Number of protein chains: 2
Amino acid sequence: MDHVDKILAQWQKERPDLDVAPMGTLGRIKRLHQSLMRRMEQTWAAYGLNDSSFDVLATLRREGPPYALSPSDLMASTMVTSGTMTHRLQQLEKAGLIERVKNPADGRGFLISLSDKGFALIDEVVAAHVATQAELVSGLSDEQRAQLDALLKQFLAEFEPA
Amino acid sequence: MDHVDKILAQWQKERPDLDVAPMGTLGRIKRLHQSLMRRMEQTWAAYGLNDSSFDVLATLRREGPPYALSPSDLMASTMVTSGTMTHRLQQLEKAGLIERVKNPADGRGFLISLSDKGFALIDEVVAAHVATQAELVSGLSDEQRAQLDALLKQFLAEFEPA
DNA sequence: TTAAAATACCTTGATATCAAGGTATATGGC
DNA sequence: GCCATATACCTTGATATCAAGGTATTTTAA
């Protein structure tokens, strides 16, 4: 009988005409997401980053050499709008973590690349981030996590078709 | 090989020293949350609401008669800060969906209650919301959903101790 | 009784986000 | 070659959120 179960019981009593079982699943995903994000934010904050800035730097880093993508590529990878990406890039450029160069192949666009400082920072932060994540999932056994992965993957496939 | 698998493969190549398995689990929760919220927002928007306003109205509605709670109770139920709740209540009051009365038992505080209009609206919206949720989980069988529920519940228990 | 501490809620200032629309450049059909 | 359309990115305006701090009231305890 956790918090979500209590909410479902309240609805059951007030609106017995509704089948609120799916609300339990989606409610737990929402609350879990919130708790997980809050913990991960702490790690990022320790290095002067947040979800947004980590997201961009990590996307560039894991891309491999030459650690550069266009703003459009970054928008697609991180699932944010162009206005949001513009804002993120301004902050990161101001912090000296990325550099932008005119795209030689397309006069309309730019390429965003990790600065040396940005590369060094993200390489350090991602290690701390992975450690935080390991701690966060430690409440599940390896087998349970594998089972959860499989279910989440199928669920997600509905919304991110290959 | 979904989007998250591709991200893990990139990290595997770039940083083979890190165990990124937990990142898969947490990444799928994040992306799933984002997709699910976007779809639910559409339903709320059709009734002039959003996540925030639905959250408050639904909390009051499922509480049962007299459909009233203090701002502090609402903050605890919805896991937001006092500033956020103040803002939400201002919007809802402006829209005529809630009413606030001085708490007779505690001169420092208020009680927030559903207006007739607010009650009628949330009763209609929650039905549409539940239908949306049923649609969202339709990609999983009942058995898979039950299995997912159990794993999410255990996972969440780590962060929301009874 | 009364002063200190706790509580309830609001205000302020900063950041992140999105939707809609704007400007510059590239591309494709004629 | 040239114009219509598409693309790439930025700007604007609005909303949501939080952290930190403020004011009023209640509770605690000397």
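These numbers come from a predicted model, not from an experiment. Each chain gets a letter, A, B and so on, in the order its sequence line appears, and its residues count up from 1.
Between H33(B) and H33(A), the ring planes are parallel. Angles under 30° get that label, and only those over 60° would be called perpendicular.
Within 4.0 Å of G109(A), counting heavy atoms only, lie sugar-phosphate atoms of the nucleic acid but no base atom. D106(B) comes within 4.0 angstrom of the backbone, heavy atoms only, and of no base. Residue-level contact check: G107(B) touches the backbone only, with heavy atoms under 4.0 Å from sugar-phosphate atoms and none from bases. No engagement by D51(B) is indicated, since no non-hydrogen atom pair under 4.0 Å with the nucleic acid exists.
A close approach under 4.0 Å does occur between a side-chain nitrogen or oxygen of R100(B) and OP1 or OP2 of dC10(C). When the side-chain nitrogen and oxygen atoms of S52(A) are compared with OP1 and OP2 of dT17(C), one or more of them lie within a distance under 4.0 Å. Phosphate proximity of dA16(C) to N50(A): present, with a side-chain N or O under 4.0 Å from OP1 or OP2. Between T81(A) and dC18(C), a side-chain N or O to OP1/OP2 separation shorter than 4.0 Å is present. The side chain of Q90(A) contributes an N or O atom lying less than 4.0 Å from OP1 or OP2 of dT11(D). Residue R108(A) places no side-chain N or O under 4.0 Å from the OP1 or OP2 atom of dT27(C).
Pairing each heavy atom of L74(A) with each of L69(A), the nearest pair is CD2-CD1, 3.9 Å.
Each of G83(A) and A105(A) was assigned the nucleotide of DNA chain C with the nearest heavy atom; the assignment lying further toward the 5' end belongs to G83(A). Both M75(A) and K102(B) lie near DNA chain D, and the one whose nearest nucleotide falls closer to the 5' end is M75(A).
The NE2 atom of H33(B) sits 14 Å away from the C1' atom of dT17(C) (whole-angstrom rounding). Distance, R38(B) CZ to dA19(C) P: 7 Å, rounded to whole Å. Rounded to whole angstrom, the span from the CE atom of M85(B) across to the P atom of dT7(C) amounts to 19 Å. Atom pair M37(A):CE and dT15(C):C1' shows a separation of 14 Å (rounding to whole Å applied). If you take CZ of R88(B) and P of dC10(C), they are 14 Å apart, rounded to a whole angstrom. Rounding to whole angstrom units, NE2 of residue H87(B) and C1' of dC18(D) are separated by 13 Å. dA8(C) atom C1' lies 15 Å from atom CG of L69(B), rounded to whole Å. Computed from coordinates, the W44(A) CH2 to dA16(C) P distance equals 13 Å when rounded to whole Å.
Panel note: side chain R61(B), backbone G118(B); no donor-acceptor pair is recorded below 3.5 Å.
Atom CG of D17(A) has more than 12 neighbouring heavy atoms from other residues, nucleotides or ligands inside a 6.0 Å radius.
A donor N or O paired with an acceptor N or O is not found under 3.5 Å between the base of dC18(C) and the side-chain atoms of T84(A).
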Show the numbers, then the answer: is there a side-chain contact (heavy atoms from CB on, under 4.5 Å) between D73(A) and E63(A)? CA-CA 11 Å; D73(A) 291 338; E63(A) 193 68 21; over 6 Å; no
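A side-chain N or O of N50(A) and one of S53(A) form a donor-acceptor pair less than 3.5 Å apart.
Here the nucleotide nearest the side chain of S82(B), chosen from dT17(D), dA20(C), dC9(C), is dC9(C).
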